[in-house]
Amino acid sequence: MAYQVEHIGIAVKDLKEGISLYEKLLGAPCYKTEKVDAENVETAFFIQNHTKIELLSSTHPEGVIAQFIEKKGEGLHHIAFEVPDILEEMERLKKEGFRLLNETPKKGADNKLICFVHPKDCNGVLIELCQSMG
Ligand code: CO
């Protein structure tokens, strides 16, 4: 399957500072912020309708983004690919030997069903599959 990059996720320590920096960089306003409580994450989105930038900050000191920044510092966190049928794609990747970080799709930010593929199976890059919920 040929994938379209839907967004690129970037881990930041401070969401407000990240937003003002990326607004300057991109010359475009953040169009949405959204908390994903289940993931202890707050997100901010840029560039609607094209490949988006998603800033991610931790809302909890032990959250996954806080842990990521602790280990690797701020920066590229994941690349998300839009797929038309996430269940079918998860099945296909499992058969190909990829490890999925969640066995069933979960609700992500921006009205998406998402699933992460283990970065160790993707040359060190965390890959997100996402399907729009309409
Ligand atoms: Co994402």
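Read the numbers this way: they start at 1 and go in the same order the structure lists the ligands and their atoms.
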Examine all N, O or S atoms of [X], backbone included, and report whether one is under 2.8 Å from the Co ion (ligand 1).
{"X": "C130", "value": "no"}
{"X": "E54", "value": "yes"}
{"X": "H77", "value": "no"}
{"X": "E128", "value": "yes"}

Between T59 and K35, do the side chains contain an N or O donor and an N or O acceptor separated by less than 3.5 Å?
-> no
Give a yes or no on whether the ring-centroid distance for F98 and H118 is below 6.0 angstrom.
-> no
Going by the angle between their ring planes, with limits at 30° and 60°, are F45 and H7 parallel, tilted or perpendicular?
->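 Taking H7 first and then F45, their aromatic rings stand perpendicular (interplane angle over 60°).
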Would you call the rings of H78 and F116 parallel, tilted or perpendicular, where under 30° means parallel and over 60° means perpendicular?
->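 Plane angle over 60°, so perpendicular.
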Could you check if a side-chain atom of E39 sits within less than 4.5 angstrom of a side-chain atom of K106, using non-hydrogen atoms only?
-> yes
Closest N/O/S atom of H78 to the Co ion (ligand 1), by atom name?
-> NE2
